[in-house]
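The basis for the numbers below is simple: all heavy atoms, side chains too, and nothing from hydrogens, waters or symmetry mates. All chains are named by letter (A, B, ...) in the order of the sequence lines, taking the proteins before the strands, and each is independently numbered beginning at 1.
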Amino acid sequence: MNIAKVIVDVQAKAINQTFDYLIPEKFRDILSEGMRVIVPFGPRKITGFVVGKKEESEFEQLKEIIDVLDINPVLTEELLELGKWVAEDTLTLYITAYQAMLPQVLKAQYKKELIRNTDEELAHELEFLFAGRDVIRYEEFVQSTVPYTTLRNAIQDGAISINYLVKSKVTKKVITFIEPNKEAHLLEEAFMDLSPSAKKQRHVLSFFLEFPEPVEQQKLYNLTNTNRAVIKALVDKGILREYKKEVYRNPYDDTSFEKTLPLPLTKQQEMALHPIIEKIHNHKHDVFLVHGVTGSGKTEIYLQAIQEVIKQGKEAIVLVPEISLTPQMVKRFKGRFGSDVAVMHSALSNGEKYDEWRKIHAKEVKVVVGARSAIFAPFENLGIIIIDEEHETTYKQEDQPRYHARDVAIKRGQYHECPVVLGSATPTLESYARAKKGVYQLATLDKRTNNQALPKVEIVDMRNELHEGNRSMFSIALKREMESGIERGEQIVLLLNRRGYSTFVMCRDCGHVKRCPHCDIALTYHKNSNQLKCHYCGYEERMPHLCPECNSESIRYFGTGTQRVEEALNQLMPHARVIRMDVDTTRKKGAHEKLLKRFANKEADILLGTQMIAKGLDFANVTLVGVLTSDSMLHLPDFRSSEKTFQLLTQVSGRAGRHELSGKVIVQSYTPDHYSIQLASEYDFEKFFLYEMQIRKKFRYPPYVYLALITVSHQNHVKAVQITSRIAQLLLKVVGKDTIVLGPTPSPIARMKDRYRYQCMIKYKNEPELRSTIKKVMDLYADEMRKEDLSITVDMQPYHLM
DNA sequence: AGCACGCCGACT
DNA sequence: GTCGGCGTGCTC
C-alpha cells in the first residue's frame with residue numbers, strides 16, 4: 001500500500017474527489033487513514049485527509065506526501081464514512097464535511113514567503129523590498145508598491161521563488177511551575193544565608209520550607225503576595241527552579257461540582273428508562289422519544305442510562321441546545337460523572353474547544369456534553385446518544401454542511417448499534433409523528449417528579465387593555481401579580497419574545513421606515529451607540545434627528561426592546577430590582593452565568609430577558625412567569641411559526657413553580673384565540689399535534705412531505721428570477737407527479753448585501769434521484785456561478801425558509 | 001479555490 | 001519595451 005487517497009483542502013466543486021499521492025518510505029509504517037497530511041498541489045502546499053490507501057493508481061506521475069501531521073488519526077474509520085455520507089446527503093463538499101467534524105484549530109492556515117535565490121542584482125524595487133534579507137513575507141510584497149510584473153519576471157528568471165507554507169493554528173497551553181531546587185536542609189541553609197533585608201524572598205522560602213511541592217507560578221504569586229521579580233531572584237540564585245508543563249485548559253473546575261448519586265425514579269421514569277437499558281444490554285439500535293413535561297425528570301433518565309453505558313465500558317454523547325445557557329445542566333453531568341465529562345459549546349475559546357476534543361480523542365473521558373457539533377465526537381465505542389430538547393432549531397446547522405444533528409445521531413447509532421434518545425416537552429411534529437407510527441419508541445412522562453401541578457396559565461387579551469386605556473406594555477393582571485409576588489418575596493421571570501420583532505425606526509408623521517440600503521430589511525436601533533444597524537450585512541449609520549423623507553422631528557424607534565421594558569418597569573415599580581438578560585448584557589464571556597447566579601442569590605426580583613431565558617433555568621423561588629409579547633413570531637413567513645410559539649410558551653411556563661411554591665403564568669397576547677396560544681396554556685400537546693398536523697397536511701408541509709430549498713442570488717434582479725425559473729422548470733420535468741415544485745418566489749429576505757434572492761421549493765415524498773438531479777442542475781450553472789458571480793445554494797430539509 | 005501563464009491593449 | 005488587466009486551464 002504505497003499510495004494514499006487524499007481529500008485535499010480546496011473548496012471547489014472540481015476538486016471534490018480523492019487525489020492519489022505516493023507515500024514516501026519513511027511514512028509507510030505510520031501513515032493510516034484519517035490522518036492529516038501536507039501534499040503538493042499544483043505549485044502550492046496544502047493539507048488533506050487520507051481517506052484510503054491502495055497499491056496502484058491510474059496516474060503515472062504521482063507526487064509524494066510532504067509531511068504527516070498526526071500521530072493518531074483525527075478521524076476514525078467511522079467518521080470518514082460518516083463525513084462522506086454527510087457531504088452527499090447535504091450536497092456539500094467532502095472537505096467541508098470533514099472540517100466540520102474537527103475543532104477549528106486543526107484547520108491549517110496558508111502563508112507564502114519570497115525567497116531570494118541569487119547574489120546577482122535584482123530589479124532595484126525588489127532590492128529595496130528585500131533590504132538585504134534572503135526571505136521576506138509575501139504580504140510585504142503585497143503591501144509594497146512593487147508591480148506584480150516585476151516579481152513575475154524575477155520568478156521566471158529564477159532569481160526569486162515562492163515558498164508555500166502550511167501553518168498550524170494549534171497552541172497548547174503551558175503553565176510554569178516553581179519548585180525548590182535543593183533538598184530540605186540545603187533549603188534551610190539558603191534561607192539563613194539570605195540577606196535579612198530580602199523580606200519577600202525570605203517569605204517565599206519559608207513557604208517552600210513548609211510545603212516543598214511544585215506550585216503554579218500564578219498561585220505562588222497570590223499565596224505569598226510576591227511577583228515575578230522576587231521569584232526570579234531566587235531562581236537566579238539556584239534556590240528555586242522553574243519548569244513548564246503542558247496542560248489542558250479547563251473551563252470547568254471539576255472539583256467545584258458536588259458529587260451526586262442516582263435519584264430514585266418515579267414509575268413513569270422507570271418505564272421510560274427500562275426499554276433503553278434493554279437496548280444497551282442487547283447492543284441494539286433504536287430511537288426513543290421521551291416526551292416529558294418540564295420537571296418530569298428527563299435528565300435523571302439520561303444520567304442513569306449513561307451510567308449503564310459506562311458500566312459496559314462504552315461512551316456517551318449528550319447534545320443540549322446551547323450549553324452555556326444551561327450551567328445547571330453541566331453541573332448535573334459533572335456532578336454525576338466528574339472528570340469523565342468533556343464539555344463542548346460555542347462560548348469556549350478555540351483553544352478550550354481543542355483541549356476538550358483532545359480529551360475525547362485521547363480516551364480520557366467517557367461522556368461529552370455539548371452543542372450540535374459534539375455529535376462528531378471521535379468516540380469509537382459509543383453506547384448511547386442523547387439529544388435533549390430535541391425540537392430546538394439549533395440542531396440544524398445553517399451554513400455548510402447543512403446537517404441536522406438528529407440525522408447524524410441516528411446514523412451513528414446504527415453504526416454503533418446503540419440507542420438514540422430524543423427528549424422534549426414539545427417534540428417536533430416530525431419526531432412525534434414517527435413515534436406514533438412506531439418508527440421511534442415513545443415514552444410519555446406527564447407527571448412532574450414532585451407531583452406539583454403545572455402552573456396555571458392566564459391569557460390576557462391585550463386588545464382589551466388598549467380599549468380600557470392601558471397603553472403600557474404591562475397588563476393590569478400582570479402588574480397586580482408582579483406586585484403581590486414581590487411583596488411575598490418571590491421572584492419573577494419576564495419573557496420578551498422579540499424574534500421577528502426588533503426595534504425599527506419610523507417617522508410618526510409620514511410613516512417612513514428606515515431600511516438598509518443593501519438588504520430588504522428594516523434597520524435596527526441600537527441605543528448605546530445611537531446607531532442604526534443592519535443585522536444581515538453590518539451596514540450602520542447614525543440615528544437621524546429629522547425624517548429624511550418629510551423632515552419631521554417625530555422620527556422615533558418602535559418595537560419593544562428589553563431596554564425599554566426595563567425603563568418602563570423601573571417607572572412602574574421603582575422598588576423592584578431587575579436583571580436584564582439579552583445579547584447586550586451577555587456579550588462578555590461568563591456574563592451569562594454571572595447574571596443567573598445573581599438572580600439565584602435573590603439579588604433581584606425580576607429576571608427580564610429574551611428567548612435565552614426560556615430554557616433550562618431552574619429557580620426554586622420563581623412563582624410568576626410573564627410573557628409580554630406571546631404572538632410576535634406567529635406572523636413570520638415560516639410554516640413552523642405556530643409550532644415554535646407553542647414550544648416557547650410551554651417551555652417558559654415550566655420555569656414557574658418548580659419546587660415547593662406553586663407557580664403562575666401570565667401570557668399577554670393580541671391574538672389570544674390562536675390555537676397555539678390556547679393549547680399551550682392548557683399544556684395540551686396532543687391536541688396541538690393533531691390540529692397542527694391537519695394544517696401541515698392541508699398545505700403540504702413536513703412531516704407530510706420532505707422539503708428542499710434552492711436559493712439563487714445575483715446582483716441583477718431579472719437574472720435571479722430567470723435562473724430560478726429555469727431551475728424550477730428543469731426540475732419539474734424530471735420529478736414524479738406527486739412532487740410539487742414551487743417558484744420562483746422571492747426569499748423572505750428578498751435582497752441581502754445588494755443581491756436579489758429568489759428561491760425554488762420542492763415538496764416531495766419519494767424522490768430517490770432528487771439529490772443527483774439537483775447536482776446535475778447545479779453543474780449546468782457551474783460556469784455562470786464562477787464567472788457571473790451567481791450563487792446557488794441548496795438546503796435539504798431546511799428549518800428556516802430564508 | 002488559487003495559481004500560473006499567456007495574450008492584449010495602453011502607455012512611456 | 002514595460003505595466004496591468006483579464007480569460008483559461010490545471011491541480012494526483
Requested in this report: Go through the steps to decide whether Tyr138(A) and Tyr164(A) satisfy the test ring pair (Phe, Tyr, Trp, His ring centres under 6.0 Å), and finish with yes or no.
Outcome: CA-CA 10 Å; Tyr138(A) 190 79; Tyr164(A) 296 86; 8.4 Å; no

Query raised in the report: Going by an N to O cut-off under 4.0 Å, is there a salt bridge joining Asp407(A) and Lys411(A)?
Result: no

Query raised in the report: For the pair made of CD1 in Ile38(A) and C1' in dC12(C), what is the distance, rounded to whole Å?
Result: 17 Å

Query raised in the report: How long is the line joining NZ of Lys5(A) and C1' of dC12(C), in whole Å?
Result: 13 Å

Query raised in the report: With a non-hydrogen cut-off below 4.0 angstrom, is Tyr164(A) in contact with a base, only sugar-phosphate, or nothing?
Result: sugar-phosphate

**Report entry** Atom-to-atom span, CG of Leu151(A) to P of dC5(B) - whole angstrom
**Finding:** 12 Å

Query - Arg786(A) side-chain proximity, nearest of dC12(C), dC5(B), dG2(B) - result: dG2(B)

Query raised in the report: Could you give the CG-to-C1' distance, from Leu22(A) to dT11(C), as a whole number of Å?
Result: 17 Å

Query - Rounded interatomic separation in angstrom, taking NZ from Lys13(A) and P from dG2(B) - result: 17 Å

Query raised in the report: Tell me: CG of Asp9(A) to P of dA1(B), nearest whole Å?
Result: 13 Å

Query raised in the report: NA contact type, Ile15(A), heavy-atom cut-off 4.0 Å: base, sugar-phosphate, or nothing?
Result: base

Report summary line: note: Asn16(A), atom CG; dT11(C), atom P; distance rounded to Å ~ 17 Å

Query raised in the report: Can Arg640(A) be said to sit on top of Tyr799(A)'s aromatic six-ring, NZ or CZ under 6.0 Å from centre and within 45° of the ring axis?
Result: yes

**Report entry** Under-4.0 Å side-chain N/O to phosphate OP1/OP2 contact, Lys112(A) with dG2(B)
**Finding:** no

Query raised in the report: Base, sugar-phosphate, or nothing for Tyr21(A), non-hydrogen atoms under 4.0 angstrom?
Result: sugar-phosphate

Query raised in the report: Salt-bridged, Glu315(A) to Lys363(A), with N to O below 4.0 Å?
Result: no

**Report entry** Among dC12(C), dA4(B), dG2(B), the one nearest Arg44(A) by side-chain distance
**Finding:** dG2(B)

Requested in this report: From the options dA4(B), dC3(B), dC12(C), select the nucleotide whose nearest atom is closest to the side chain of Asp20(A).
Outcome: dC12(C)

**Report entry** Any donor-acceptor pair under 3.5 Å from Asn117(A) side chain to Gly158(A) backbone
**Finding:** yes

Report task. Describe the nucleic acid contact of Leu93(A) in one word from base, sugar-phosphate, nothing, applying a heavy-atom distance below 4.0 Å. Result -> nothing

Query raised in the report: Please give, in whole Å, the distance from dA1(B) C1' to Ile95(A) CD1?
Result: 12 Å

Query raised in the report: So does Glu64(A) pair up with Lys45(A), basic N to acidic O under 4.0 Å?
Result: no

Query raised in the report: Taking the six-membered ring of Tyr706(A) as reference, does the NZ or CZ atom of Lys765(A) fall below 6.0 Å from its centre and within a 45° cone about the axis?
Result: no

Report task. Give the B/S/- string for nucleotides 1-7 of chain C, one per nucleotide from 5' to 3', where a protein heavy atom under 4.0 Å of the base yields B, of only the sugar-phosphate yields S, and otherwise -. Result -> --SBB--

